[in-house]
There are 2 protein chains.
Amino acid sequence: MRTDSGPRRSAAGRPAGPQPAKRQAILEAAVAVFLREGYNRASVDVIADEARVSKQTVYNHFGDKERLFIAAVEEERERVAAGFAAGSPYVLGPDGAANAEAYDGGDARAALIAFGHRVLAVLLDERASALRRLVIAEVARHPSLRPACAEGEPQQLVKYLAEMLGRRSSRGELSVPDPAAAAHQFVALVVQQGLYQSMYGTRPLADDEAAAIYESAADLLVRAYRP
Amino acid sequence: MRTDSGPRRSAAGRPAGPQPAKRQAILEAAVAVFLREGYNRASVDVIADEARVSKQTVYNHFGDKERLFIAAVEEERERVAAGFAAGSPYVLGPDGAANAEAYDGGDARAALIAFGHRVLAVLLDERASALRRLVIAEVARHPSLRPACAEGEPQQLVKYLAEMLGRRSSRGELSVPDPAAAAHQFVALVVQQGLYQSMYGTRPLADDEAAAIYESAADLLVRAYRP
DNA sequence: CGCAGTGGACTAGCCCGTCCAGTCCATTTA
DNA sequence: TAAATGGACTGGACGGGCTAGTCCACTGCG
């Protein structure tokens with residue numbers, strides 16, 4: 001019976017358990033291969049090669065292809081989510097409020113435009129798009145993926161935008177009866193066409209097209225909610 | 001040298017060429033199996049069985065799995081597109097204009113709501129959704145699918161809506177500076193969340209949720225474009 | 001010494017695409 | 001009318017290729 005509570009180690013040898021470095025290498029290779037090939041065409045041998053690891057090690061760490069897949073998707077999903085928060089300081093600071101007013105300056109239209117620009121950037125990031133396509137392709141046959149996407153990606157952004165609209169509304173700058181709904185609407189307007197194109201892998205939405213989209217979305221909201 | 005222009009026939013035997021009935025049966029089975037299983041997991045043997053046809057016949061008609069797949073997607077795409085037009089008499093009559101004013105009565109809000117309701121119905125049809133998921137999953141590895149979706153599905157609907165907005169605008173009922181853009185915006189508002197849920201295969205958007213979506217979308221446009 | 005990791009062989013299974021002998025049948029020919 | 005004809009279709013077998021997952025003898029290191 002073991003009495004210490006530290007990491008299990010035997011009488012001699014390195015700290016027990018699979019090596020985290022190997023695990024990480026396998027995960028990264030798995031992400032790359034699954035995003036590139038999809039679940040079925042991705043072969044465990046290729047993943048092992050690409051991770052510079054023996055196939056047996058892959059099975060030691062993850063058990064089978066299915067579980068490796070789930071873990072890889074989760075890994076990439078966290079990477080993308082981290083990009084949401086970290087890469088967008090004005091959305092949520094570390095404490096969730098520090099930069100909460102970053103978009104409160106200027107007029108409403110300018111703030112919405114800046115916000116829309118940012119939303120498109122994070123949503124149309126190439127790896128995020130590839131992950132979306134992969135999950136859509138496989139979620140029907142791998143129900144464990146469901147939680148990975150059920151919340152919807154832009155949740156946090158919508159929430160922040162709703163707060164911004166609420167503040168501008170209480171300042172009398174706008175007249176927004178339901179800020180949460182309005183935020184959803186703005187994000188839908190901004191995101192729709194870009195998502196469509198990223199899903200079908202057609203041309204990835206030129207900068208001026210994107211600009212036209214979020215500018216007219218901002219115009220629409222400002223017109224509708226002028227006080 | 002043949003002199004008649006009828007279907008090729010040899011000295012004896014039934015009219016030459018593969019039997020269209022078989023071809024159709026194969027196509028329908030292929031659609032069913034591909035939508036159900038995806039490209040890789042769908043096996044030609046299963047499709048042949050389900051079409052009550054021998055595997056050799058499948059290969060006689062379509063050459064290989066790839067071409068069968070393309071043909072199946074095209075078949076289903078046409079079926080969905082037909083549903084767009086035929087099933088929605090108020091969008092385009094047989095001559096393209098007969099019912100063009102079907103939504104011109106009533107006030108703008110009511111017309112937009114009715115229109116949004118219809119758009120959601122055709123876009124979230126279960127088979128249409130399954131086709132969308134399949135194409136998204138495979139378009140990267142089967143470039144021949146590109147044309148099948150490049151135009152975007154709701155094109156026709158958007159065009160009609162733009163015309164309706166234009167008419168109401170010239171009647172002074174609304175003030176829509178750019179009807180085409182406004183139509184795109186309305187469709188984006190209506191469609192976004194439902195598409196999202198149908199892609200990820202989560203719960204298929206209850207009726208009251210759908211109603212809330214297109215009602216508030218109609219409200220937004222009416223507010224923004226009041227004369 | 002003990003254990004994570006290696007590399008390669010191996011099993012078992014699936015699937016595409018081909019092949020072939022034989023059936024069916026509408027039409028032509030005798 | 002009866003036989004011949006040739007093409008579409010059948011059903012089952014099979015080759016070749018790829019893959020998931022297992023096994024094992026071996027290595028290197030703390």
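Lettering of chains follows the sequences in order, A, B, ..., and the numbering in each one begins at 1. If you're wondering where the values come from, they're calculated on a predicted model, not measured in any experiment. The basis for the numbers below is simple: all heavy atoms, side chains too, and nothing from hydrogens, waters or symmetry mates.
- Sorted by first and then second residue, the pairs that involve residues 119-142 of chain A and meet ring pair (Phe, Tyr, Trp, His ring centres under 6.0 Å), not counting sequence neighbours, are A/Tyr39-A/His142, A/Phe69-A/His142.
- Every residue two or more places apart in sequence or in another chain that forms a side chain to side chain contact (heavy atoms under 4.5 Å, CB included) with A/Asp64 is listed here: A/Glu66, A/Arg67.
- Using a 4.0 Å cut-off on heavy atoms, none of the residues of residues 26-33 of chain B approach DNA chain D.
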query: Reading nucleotides 6-21 of chain C from the 5' end, what letters show protein touch, with B for base, S for backbone sugar-phosphate only, - for no heavy atom under 4.0 Å?
result: BB-------SBBBB--
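- Distance OH/B/Tyr160 to CG/B/Leu165: 9.5 Å, rounded to 0.5 Å.
- Under the 3.5 Å distance criterion, the side-chain polar atoms of B/Arg23 are left unmatched by any main-chain donor or acceptor of B/Phe62.
- Every residue meeting the side chain to side chain contact (heavy atoms under 4.5 Å, CB included) condition with A/Asp125, not counting sequence neighbours, appears here in chain and number order: A/Arg79, A/Arg127, A/Ala128.
- The phosphate of D/dA8 has neither OP1 nor OP2 within less than 4.0 Å of any side-chain N or O from B/His61.
- Taking 4.0 Å as the cut-off between side-chain N and carboxylate O, B/Glu126 and B/Arg133 count as a salt-bridged pair.
- Around the NE2 atom of A/His184, the shell of radius 6.0 Å holds no more than 12 heavy atoms that belong to other residues, nucleotides or ligands.
- In terms of the side chain to side chain contact (heavy atoms under 4.5 Å, CB included) criterion, residue partners of B/Val139 (sequence neighbours excluded) are, by chain and number, B/Val135, B/Leu145, B/Arg146.
- Protein atom CG of A/Asp49 is 15 Å distant from nucleotide atom C1' of D/dC18, rounded to whole Å.
- One interatomic measurement links the two molecules: CD of B/Gln24 to C1' of D/dA8, which rounds to 18 Å at whole-angstrom precision.
- Counting to the nearest Å, the C1' atom of D/dC9 and the CZ atom of B/Arg23 are 16 Å from each other.
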